[in-house]
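So that the names make sense, note that chain A is the first sequence line, chain B the second, and so on, each numbered from 1. Atom set for the values below is all heavy atoms of this structure, side chains included, hydrogens, waters and symmetry mates excluded.
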Amino acid sequence: MIFMLAKKYDPKQVEEKWQKWWLEHKIYKFDIKSKKPVYSIDVPPVYASAAHLHVGHALHYTQFEFMARFWRMSGREVYFPPCFDNNGLPTEKYVEEKYKITKGDMPRDEFRKLCREEAAKVEEEYANRAFKGLGHSHDWNLIYTTIDPDAQRISQLAFLQLVKQGDAYRAEEPVLWCPYHQTALAQAEVENKPRTTVLNYLYFDLEDGEKIEIATTRPEFLPACVGVFVHPDDKRYKKLVGKNAIVPIFGQKVPIMEDEKVDMEFGSGIVMICTFGDSTDIEWWKEHKLPLKICITEDGKLNELGGKYKGLDLNKAKERIKKDLDKEGYVIKEENLEQEVGMCWRCKTPIEYMIAKQWFVRTLKYKKEIIAQSKKIKWYPSFYRKRLEDWTNNLGWDWCISRQRPYGVPIPVWYCKKCEEAVFAEEQDLPLDPLFAEPKKKCKCGSDDFVPEEDIFDTWMTSSMTPQIASQQFKNPEIYKKIFPMSLRPQSHDIIRTWAFYTILKSYLLYKEIPWKDVMIGTYVLDSKGRGMHKSAGNVIWLPDMLKKYSVDTLRYWSASAGVGEDLPFQEKEMIRGTKLLLKLWNSARFASLHFEEIKEIKDLKMEDKWILSRMSETIKSYKDFMGKYRISRARKELEMFFLHDFCDFYLEMVKNRLYGDNEESKNAARFTLYKTFLGTIKLWAPIVPHITEEIYQELFHEEKSVHVSSLPEAEKVDKEALEVGSLAKDVISLVRQYKTQKDLAMNAELEKIVIESDSDKIKEAEEVIKGTMKIKIIEYKKGKELKVEVK
RNA sequence: GGGCCUGUGGUCUAGUUGGUUAGGACGCAACCCUCACACGGUUGAGAUCGGCGGUUCGAAUCCGCCCGGGCCCACCA
């Protein structure tokens, strides 16, 4: 029987064909009734703002898609839902930028609608281009988004439970504030970046006419100054303590106090406290019970406390105040200062501190428990667990979960106008938006006059519930029961302190359970010179550009070269290598197809048959071991070495002689081995390059509906003797090839006689295959330490 | 300042329970259009495994110090 494969491989046509076919035939459908053990993936919901896909995005999502395919072919029922994160700040920012508006420019309803519409558009594009276009094996029936009613319900319900058990609370606290987004932020959303700033040395007058010298980087906070501190051991200033200082320009009298947190070495050794210029200010304000003076507005301008500087944004105000200080002789000197400044991780605006009523989830209380939970999870690579532990240990704030933003999951609570008591929504009414609903009962105080909560949840409040949302906690409890905790959380390292942290926290607080068994940290893709890819640097490699030049399988081949948790510079030559590999697969399939035949019984396998089958078994074993540890690049390497350098370079050349010869028994043994080995190879390649393998499988093999629902080959017993002889045969063939190359001969040129010098008699077992492969008539042997070939 | 990762031929890298002629790919050179493949094949050149010490019969692999790259964290105003 002869099978036909086109002479030339046409990836675009093949890829499109199978992508469509997989969807139509629901090849990747999750079957809840299946008896197989489940492998479930807590897929990272894609940000709706990531409209432009670069190769890093593609790799990130393909990296764990390999695992879905691997486990599916390893006898697991794979749960692999596609999902989108269209909730919260990223979407808002995307919409604001696209339409050049800010949240206040339109009614909340309308803005939300716009967000949802834009998100839907991006989702559509992403689904087609990324998930479907890259051949990802999702069950599309399982799709979810983080703004779905079901997601909102899970998020709100979790909140109510946390309130009930005392782990969520509302308090008026200083919070981290983004003046651009005009909302409170969590510590995890603040990034520190270095910058150079100016340290200003100023005079403060004392009541008795004396002067003191203080150093500050933020003179614009003078109106909020409520005190001055010196170190208790600082002899220079001991006499000042208890006196009052007069703030320049603004004129308020503030007490001079002592505190050990003052650094005597820094600046003048005297520091002013403003509520709030930085986080030390907050500590002092609390410890020393100082008055509160907020001098900035929510959008980062000076308020009425700023007097004549009111309405100026902080940078402008700083300039003007400095100028006036200078004019009035308060400035002593300036110094440049390197400092770290906290910025909003989304918009890079320096954060400020505001005071407002916010909702918090307790984290500080549970540090030990979180770390203990993290140890029950397997981290790949393991050292990233330490990052979570360090972060947890260093936490200084409870998790602020309320955001003063319009788009997101609402906080289901109202407040009594009379007594300010919080009244929560009923569980069965969730999800709900308190803006558009009323509490069902009266307040404890008897009043039925309420104000709805206008804030929404931090986006992580919902994202930390993805194991529940993905596995349909309430929509399909049967599934949830079966797959929670999930098998794998793939994610990148930059959100360990958010997504991983909060998910572990919530899972502990709500269920006393780990959310998943494994965490796989994704690869960070750099440009070819090892720099991060940034639009501003102009070094971004866009996915559509690459897909114009190379096939999807090629891109996937490249993606499989990434190590977990490691950086990977994008090298276009890897794409060329991938193209060549696919070509090799195609051409070897064409060769194999010429010789395929149903072989019923094999009496005698030749030495080279046993050798390649043993090498195959070795390869299967290490491939599976590596895949099981998420070491995809190593698995690929093992497979590639086997396929290219044993199977193609040697085995195929070794058996040509037999396949084209007349010895039927020998021919059948070769056909049998070829069939078995090639089928196994195609299957092992299937998770990595699913399109070309499907095409070859469907053309040449007919065991299952699709190669992707077939089973990976099993490793068999390895014939050590065959491995040794095979390796020797390879070496001799290489030496003969070397001779022919040096003599400018073609590889199929005939040789009369060679003498092999070897320390082992085993080489004689390879005589037949060496003769056949290299067209040699006579072989003689000689004892010698080193393997040598002499041509007569 | 603290923590973590990392440094292998021109380039990207495999190899870190110590013992391999240090493996592969891209690039380079020479040869070969052989019945799957010239978008190919064969062969070759090219690495004192960042540096210096130490442990050991033996180190790319373990230890120490130094140098370089990266990431995370940190309230010095």
Side-chain angles (χ1 to χ4, degrees), chain A residues 5 7-9 187 191-192 197 199-200 214-218 221 228-229 261-274 277-284 337 339-340 342 381-396 493-494 496-497 524 526 528-532 561 563 565-595 633-634 637-638 640-641 644-645 648-649 652-653 656-657 659-660 733-749 775 786-787:
Chain A
L5 287 175
K7 180 151 190 189
K8 206 162 181 296
Y9 176 54
Q187 188 179 351
E191 277 179 356
N192 290 317
T197 187
L199 181 63
N200 305 278
I214 71 132
T216 179
T217 55
R218 305 203 67 181
F221 269 83
V228 168
F229 279 100
K261 276 198 268 304
V262 177
D263 182 347
M264 292 188 271
E265 309 294 313
F266 190 89
S268 60
I270 309 179
V271 56
M272 68 169 184
I273 162 182
C274 309
D278 65 33
S279 60
T280 315
D281 289 352
I282 294 169
E283 289 176 40
W284 279 332
L337 181 71
Q339 67 167 185
E340 294 279 327
S382 57
F383 62 80
Y384 273 111
R385 198 200 62 78
K386 180 116 173 66
R387 187 174 289 192
L388 183 102
E389 185 172 331
D390 290 348
W391 170 259
T392 308
N393 280 328
N394 289 327
L395 272 176
H493 64 73
D494 57 340
I496 286 175
R497 67 185 194 176
Y524 192 65
L526 307 168
S528 63
K529 288 175 187 142
R531 301 167 307 190
S561 67
E566 284 171 8
D567 292 348
L568 182 75
F570 179 83
Q571 304 283 347
E572 193 158 345
K573 66 196 175 195
E574 287 295 304
M575 301 293 281
I576 293 165
R577 184 176 165 190
T579 307
K580 288 185 176 181
L581 188 271
L582 295 186
L583 203 70
K584 205 73 181 163
L585 267 173
W586 188 254
N587 285 319
S588 56
R590 283 183 55 227
F591 174 77
S593 72
L594 297 174
H595 303 283
S633 61
R634 289 291 282 117
K637 191 184 156 91
E638 291 293 325
E640 192 170 359
M641 287 305 114
L644 289 179
H645 301 309
C648 289
D649 289 354
L652 290 185
E653 296 305 320
K656 272 180 185 168
N657 189 46
L659 292 169
Y660 289 107
I733 289 170
S734 289
L735 287 169
V736 179
R737 280 173 172 168
Q738 192 178 336
Y739 173 82
K740 289 188 176 179
T741 300
Q742 278 162 7
K743 296 286 170 193
D744 295 355
L745 293 170
M747 283 302 132
N748 62 352
K775 312 277 180 237
E786 220 176 303
L787 191 68

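- Judged by Watson-Crick or G-U wobble contacts below 3.5 Å, the nucleotide C26(B) has G10(B) as its partner.
- Between Asn587(A) and G40(B) there is no side-chain N or O to OP1 or OP2 distance below 4.0 Å.
- The CD atom of Gln339(A) sits 5.0 Å away from the OG1 atom of Thr217(A) when rounded to the nearest 0.5 Å.
- If you take CH2 of Trp391(A) and P of C72(B), they are 12 Å apart, rounded to a whole angstrom.
- Side-chain atoms of Asn200(A) come within 3.5 Å of backbone N or O of Thr216(A) as a donor-acceptor pair.
- In this structure, Arg218(A) and Cys274(A) have side chains that are not in contact, with every pair of non-hydrogen atoms separated by 4.5 Å or more.
- Comparing C75(B), A74(B), A77(B) by their nearest atom to the side chain of Leu337(A) picks out A77(B).
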Between N or O atoms, less than 3.5 Å apart, protein on one side and nucleotides 2-4 of chain B on the other: list the pairs.
unit_1	atom_1	unit_2	atom_2	d
G3(B)	O2'	Asp390(A)	OD2	3.1

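- Rounded to whole Å, atom C1' of G44(B) lies 9 Å from atom CD of Gln742(A).
- Considering only the side chain of Phe266(A), C76(B) comes nearest among U43(B), G41(B), C76(B).
- Look at A60(B): it lacks any Watson-Crick or wobble partner with both distances under 3.5 angstrom.
- The aromatic rings of Trp586(A) and Tyr9(A) sit tilted, their planes meeting at an angle between 30° and 60°.
- Of the candidate nucleotides G70(B), A77(B), C37(B), C37(B) has the atom lying nearest to any side-chain atom of Lys7(A).
- In this structure, CE on Met747(A) lies 12.5 Å from NZ on Lys775(A), to the nearest 0.5 angstrom.
- Of the candidates A14(B), U43(B), C39(B), the closest approach to any side-chain atom of Arg634(A) belongs to A14(B).
- A close approach under 4.0 Å does not occur between any side-chain nitrogen or oxygen of Lys8(A) and OP1 or OP2 of C39(B).
- For Gln187(A), counting side-chain heavy atoms from C-beta on, the closest listed nucleotide (C12(B), G41(B), A74(B)) is A74(B).
- Within 4.0 Å (heavy atoms only), Asp494(A) reaches no atom of the nucleic acid at all.
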Practice prompt. Starting at the 5' end of nucleotides 20-34 of chain B, put B wherever the base has a protein heavy atom under 4.0 Å, S where only the sugar-phosphate does, and a dash everywhere else.
Written response: ---BSSB----SS-B
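- Neither OP1 nor OP2 of C76(B) sits under 4.0 Å from any side-chain N or O of Thr280(A).
- Between Glu653(A) and Arg737(A) there is no salt bridge, since no side-chain nitrogen of the basic residue lies less than 4.0 Å from a carboxylate oxygen of the acidic one.
- Expressed to the nearest 0.5 Å, how far CZ of Phe591(A) lies from CG of Leu659(A) amounts to 5.0 Å.
- Atom C1' of nucleotide U43(B) and atom CG of Leu735(A) are separated by 11 Å, given to the nearest angstrom.
- Side-chain proximity of Glu340(A) to the nucleotides G40(B), A74(B), G70(B) is greatest for A74(B).
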